[in-house]
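Please read the structure below before turning to the comments.
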Amino acid sequence: MTVAEEIQKLKKEKDAIILAHYYVRPEVQDVADYIGDSFYLSKIAASAKEKTIVFCGVGFMGESAKILSPDKTVLMPAMDADCPMAHMATEEGIRKVREEYDDVAVVCYINSTAALKELSDVCVTSANAVKIVKALPNKNIFFIPDRNLAHFIAEQVPEKNFIYNEGFCIVHEFMDPEEVKKAKEDHPDALVLAHPECPQTVLKQADYIGSTSGIIKYAQESDNKEFIICTECGVQYKLETTCPDKKFYFTETVPVCKNMKKVLLEKVLHVLKTGENEVHVTDETREKAKKPLERMLELAK
């Protein structure tokens with residue numbers, strides 16, 4: 001029996017569901033029940049019927065699943081798979097902004113720790129951020145932790161006043177605009193599809209800007225046959241399997257999230273066998289962090 005077959009067998013025995021982000025390895029995506037971006041997976045976690053959720057992603061994703069489904073056992077195949085950006089805001093910074101601005105909403109990107117979610121008014125993802133920010137009654141928006149996504153949203157919602165935090169995704173932030181330009185020269189017929197976590201110098205060269213799921217959907221529905229993808233390379237698997245007649249290119253320095261790649265098939269099997277790497281969130285944190293997550297799910301309907 002292969003590792004993948006053993007995982008499928010154990011999954012049924014343990015009443016488990018496997019969720020995987022688009023950025024994890026192809027063989028891990030293959031054993032998942034649901035594959036998606038963080039917003040889609042948070043919705044699946046909130047409504048899962050199974051007793052156990054095996055979350056193939058990084059730390060904040062497992063935390064969010066546990067907050068939304070406290071009665072479930074949430075297991076992380078790679079406990080050391082963390083998102084540096086998830087920690088790039090501070091309690092002190094949030095408190096300072098709340099003191100300076102009366103009518104302010106702290107809008108927290110879902111790519112953040114439970115501790116930051118606790119201090120926020122609403123969570124968002126790159127897929128729903130514009131819709132949710134527009135729906136907020138507040139004039140001032142303190143967007144944490146990612147500055148690039150904040151600037152992108154601010155352009156779509158000019159009626160709001162944005163206060164920027166200095167966080168960033170280490171994969172998207174260091175995407176080289178000159179390499180994007182070179183890719184466009186090498187593939188003149190290709191459209192550039194970029195994630196809003198990229199810096200402005202990259203986004204200005206894009207034909208489409210959207211979430212991971214948005215990029216995939218755009219490529220699937222477009223009549224164009226070639227695309228330059230400005231996001232983490234894990235999406236290539238979904239793109240090539242659903243669009244076999246199209247070509248996808250990345251920059252010379254391929255954007256790789258080393259943390260996402262820590263999730264191995266053998267580790268998925270291990271946590272299913274042993275029940276190790278369970279995610280724990282205190283009742284107090286869960287109650288506080290659940291409110292902005294639930295508000296996100298409500299406003300994004």
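What's counted below: heavy atoms across the whole structure, side chains too, no hydrogens, waters or symmetry copies.
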Could you please spell out the steps behind the side-chain hydrogen bond (donor to acceptor under 3.5 Å, both in side chains) verdict for Asn140 and Asp103?
-> CA-CA 6 Å; Asn140 298 307; Asp103 181 29; 5.3 Å; no

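The side-chain heavy atoms of Thr125 and Ser211, taken from C-beta on, include no pair separated by under 4.5 Å. Between Asp121 and Leu136 the shortest side-chain heavy-atom distance does not fall below 4.5 Å. Between Leu239 and Phe227 the shortest side-chain heavy-atom distance does not fall below 4.5 Å.
Within a 6.0 Å radius of NZ in Lys51, no more than 12 heavy atoms belonging to other residues, nucleotides or ligands are found. By the 6.0 Å contact criterion, NZ on Lys261 is enclosed, its count of non-hydrogen atoms from other residues, nucleotides or ligands being greater than 12. The environment of NZ in Lys181 is sparse: at most 12 heavy-atom neighbours from other residues, nucleotides or ligands sit within 6.0 Å.
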Scan the side chains in residues 104-114 for donor-acceptor partners under 3.5 Å anywhere in the protein, sequence neighbours excluded, and list what turns up.
{"residue": "Tyr109", "atom": "OH", "partner": "Glu197", "partner atom": "OE2", "Å": "2.4"}
{"residue": "Ser112", "atom": "OG", "partner": "Tyr109", "partner atom": "O", "Å": "2.8"}
{"residue": "Thr113", "atom": "OG1", "partner": "Leu116", "partner atom": "N", "Å": "3.2"}

N/O donor to acceptor pairs below 3.5 angstrom from side-chain atoms of residues 83-93, sequence neighbours left out:
{"residue": "His87", "atom": "NE2", "partner": "Asp82", "partner atom": "OD1", "Å": "3.3"}
{"residue": "His87", "atom": "NE2", "partner": "Asp82", "partner atom": "OD2", "Å": "2.7"}
{"residue": "Thr90", "atom": "OG1", "partner": "Gly93", "partner atom": "N", "Å": "2.9"}

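Among pairs with a residue in residues 22-74, those fulfilling ring-ring contact (aromatic ring centres under 6.0 Å, His included) read His21-Tyr23, at least two apart in sequence or across chains. Residue pairs meeting the salt bridge (charged side-chain N to carboxylate O under 4.0 Å, His left out) criterion with at least one member in residues 289-301, sequence neighbours excluded: Glu287-Lys290, Glu298-Lys301. Among residue pairs with one or both ends in residues 19-48, those qualifying as salt bridge (charged side-chain N to carboxylate O under 4.0 Å, His left out) are Lys11-Asp33; sequence neighbours excluded.
Between the side chain of Lys139 and the backbone N or O of Glu159, at least one donor-acceptor pair lies under 3.5 Å.
Hydrophobic cluster membership for Ile228: Met175, Val180, Val192, Val202, Tyr249 (Ile, Leu, Val, Met, Phe, Trp, Tyr linked by side-chain heavy atoms under 4.5 Å, directly or transitively).
Between Lys288 and Glu284 a salt bridge is recorded (basic side-chain N to carboxylate O distance below 4.0 Å).
The salt bridge (charged side-chain N to carboxylate O under 4.0 Å, His left out) test with Lys9 is passed by exactly one of Glu6, Glu13, Glu5: Glu13.
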